[in-house]
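One-based numbering along the sequence shown.
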Amino acid sequence: QLQLVESGGGLVQSGGSLKLSCAASGFRLDGYVIGWFRQAPGKEREAVSCIDSSDGRTSYADSMKDRFTISRDNAKNTVFLTVNSLKVEDTAIYYCAAGRRRLLMFSRCMMSQAYDYWGQGTSVTVSS
């Protein structure tokens with residue numbers, strides 16, 4: 001069965017870095033577009049980045065371009081999100097999501113409604 005499991009979150013001081021993982025099972029990663037989203041308490045879910053796991057194309061929200069990097073390791077069936085220079089406002093639950101390439105146009109990969117499968121999230125807390 002298709003499953004996404006996020007890991008790598010935790011409590012980090014501002015200025016530090018984290019590398020979050022999204023491990024996929026039950027399907028081949030290269031057949032999907034993978035997105036990273038985050039949601040802070042009381043706020044709407046916002047897009048961070050997405051990647052076409054087949055051809056490697058990436059996209060970032062404008063506010064995320066400088067400090068966030070999305071990458072993949074198809075051999076390990078895993079997508080990563082590296083966050084540098086963490087700020088308190090980065091505190092949120094981070095989710096990964098998957099959508100079939102043949103159904104999810106890459107131009108829509110920053111829209112949460114475009115995805116069919118979601119992980120449970122991993123919590124990131126940044127202290128000042």
Side-chain angles (χ1 to χ4, degrees):
Q1 295 181 342
L2 192 153
Q3 186 177 14
L4 300 170
V5 179
E6 303 95 333
S7 63
L11 176 62
V12 185
Q13 285 190 323
S14 62
S17 299
L18 280 176
K19 187 176 183 179
L20 308 180
S21 298
C22 174
S25 62
F27 65 100
R28 284 182 58 85
L29 187 63
D30 61 6
Y32 288 79
V33 174
I34 305 297
W36 279 100
F37 298 81
R38 70 182 187 183
Q39 187 168 23
K43 294 185 177 181
E44 294 185 2
R45 182 169 53 198
E46 64 176 338
V48 176
S49 183
C50 54
I51 186 168
D52 185 323
S53 295
S54 180
D55 61 23
R57 286 180 294 170
T58 61
S59 185
Y60 296 88
D62 288 342
S63 61
M64 311 293 179
K65 291 180 178 179
D66 292 336
R67 300 185 297 111
F68 292 77
T69 302
I70 191 168
S71 60
R72 79 204 198 283
D73 186 338
N74 285 1
K76 297 181 179 180
N77 228 38
T78 301
V79 172
F80 305 97
L81 181 70
T82 300
V83 190
N84 297 315
S85 301
L86 281 158
K87 303 176 180 179
V88 172
E89 54 262 42
D90 294 321
T91 296
I93 306 297
Y94 285 74
Y95 300 90
C96 65
R100 295 180 184 271
R101 292 186 72 249
R102 65 186 182 91
L103 299 176
L104 200 172
M105 291 185 176
F106 192 73
S107 62
R108 300 179 64 237
C109 73
M110 302 297 283
M111 303 177 184
S112 61
Q113 66 186 45
Y115 294 88
D116 296 320
Y117 309 102
W118 293 81
Q120 84 292 340
T122 185
S123 179
V124 173
T125 302
V126 183
S127 62
S128 61

Worksheet item: So Arg28 and Asn74, side chain to side chain contact (heavy atoms under 4.5 Å, CB included) or not? Walk me through it.
Response: CA-CA 8 Å; Arg28 284 182 58 85; Asn74 285 1; over 6 Å; no

Item to complete: Answer with yes or no whether the hydrophobic clustering places Phe80 together with Leu18; edges join I, L, V, M, F, W, Y residues whose side-chain heavy atoms lie under 4.5 Å apart.
Response: no

Worksheet item: Going by heavy atoms in the side chains, are Ser17 and Val83 under 4.5 Å from each other?
Response: no

Fill in: Val5-Val124 co-clustered via ILVMFWY side chain contacts under 4.5 Å
no

Discussion item. If hydrophobic clusters are built from ILVMFWY residues whose side chains come within less than 4.5 Å, do Trp36 and Phe68 share one?
Written reply: yes

Practice prompt. Examine distances only and state if a side-chain atom of Arg72 and a backbone atom of Ser53 form a donor-acceptor pair shorter than 3.5 Å.
Written response: yes

Worksheet entry | Carboxylate-amine/guanidinium contact Arg100 Asp116, below 4.0 Å | no

Worksheet item: Do Phe37 and Trp118 have their ring centres less than 6.0 Å from each other?
Response: yes

Discussion item. Please determine whether residues Val48 and Ile34 belong to a single hydrophobic cluster, defined as Ile, Leu, Val, Met, Phe, Trp and Tyr linked transitively by side-chain heavy-atom distances below 4.5 Å.
Written reply: yes

Fill in: Under 3.5 Å donor-acceptor, Gln13 side chain and Val126 backbone
no

Worksheet item: Between Ala40 and Ala92, which heavy-atom pair has the shortest distance, and what is it?
Response: N-CB, 3.8 Å

Worksheet item: Checking Arg67 side chain against Asn84 main chain: does a donor-acceptor pair fall under 3.5 Å?
Response: yes

Practice prompt. Report yes or no: do Val79 and Met110 belong to one cluster of Ile/Leu/Val/Met/Phe/Trp/Tyr joined by side chain heavy-atom distances under 4.5 Å?
Written response: no

Discussion item. Quick check against the 3.5 Å criterion: does Tyr115 have a side-chain atom that pairs as donor or acceptor with the backbone of Cys109?
Written reply: yes

Discussion item. If we ignore hydrogens and angles and just use 3.5 Å, is the side chain of Gln120 paired with the main-chain N or O of Glu6 as donor and acceptor?
Written reply: yes

Item to complete: Kindly give the heavy-atom pair with the smallest separation between Arg108 and Leu103, and that separation in Å.
Response: NH1-O, 4.5 Å

Fill in: Spacing of SG belonging to Cys96 relative to CG belonging to Leu81, to within rounding of 0.5 Å
10.0 Å

Worksheet item: Step by step, would you call Cys22 with Leu4 a side chain to side chain contact (heavy atoms under 4.5 Å, CB included)?
Response: CA-CA 6 Å; Cys22 174; Leu4 300 170; 4.0 Å; yes

Worksheet item: Once you round to the nearest 0.5 Å, how far does OG1 of Thr125 lie from CD1 of Ile93?
Response: 7.0 Å

Worksheet item: Met64 versus Glu46: any side-chain heavy-atom pair under 4.5 Å?
Response: yes

Worksheet item: At their closest point, which heavy atom of Ser59 faces which heavy atom of Ser49, and how far apart are they?
Response: O-OG, 2.8 Å

Discussion item. How about CD on Glu89, more than 12 heavy atoms from neighbouring residues, nucleotides or ligands closer than 6.0 Å, or not?
Written reply: yes

Fill in: Residues Arg101, Asp30: salt bridge by 4.0 Å N-O rule
no

Response to the item:
All heavy atoms of Phe27 vs all of Asn77, minimum pair found to be O-ND2, 3.0 Å

Practice prompt. Considering non-hydrogen atoms only, spot the tightest contact between Ser127 and Val88 and give its length.
Written response: C-CG2, 4.2 Å

Item to complete: Identify the two heavy atoms, one from Ala61 and one from Ala47, that lie closest to each other, and give their separation to 0.1 Å.
Response: CB-O, 3.6 Å

Discussion item. Just verifying a value: how many Å separate Ser21 OG and Asp73 CG, rounded to the nearest 0.5 Å?
Written reply: 10.0 Å

Worksheet item: Do side-chain atoms of Thr82 reach the backbone of Lys19 as a donor and acceptor pair under 3.5 angstrom?
Response: no

Worksheet item: To the nearest 0.5 Å, what is the distance between OG (Ser128) and NZ (Lys87)?
Response: 14.5 Å

Worksheet item: To the nearest 0.5 Å, what is the distance between CG (Asp55) and CZ (Phe106)?
Response: 7.0 Å

Worksheet item: To the nearest 0.5 Å, how far apart are CZ in Arg57 and OG in Ser107?
Response: 9.0 Å

Worksheet item: Are the side chain of Tyr60 and the backbone of Ile70 linked by a donor-acceptor contact shorter than 3.5 Å?
Response: yes

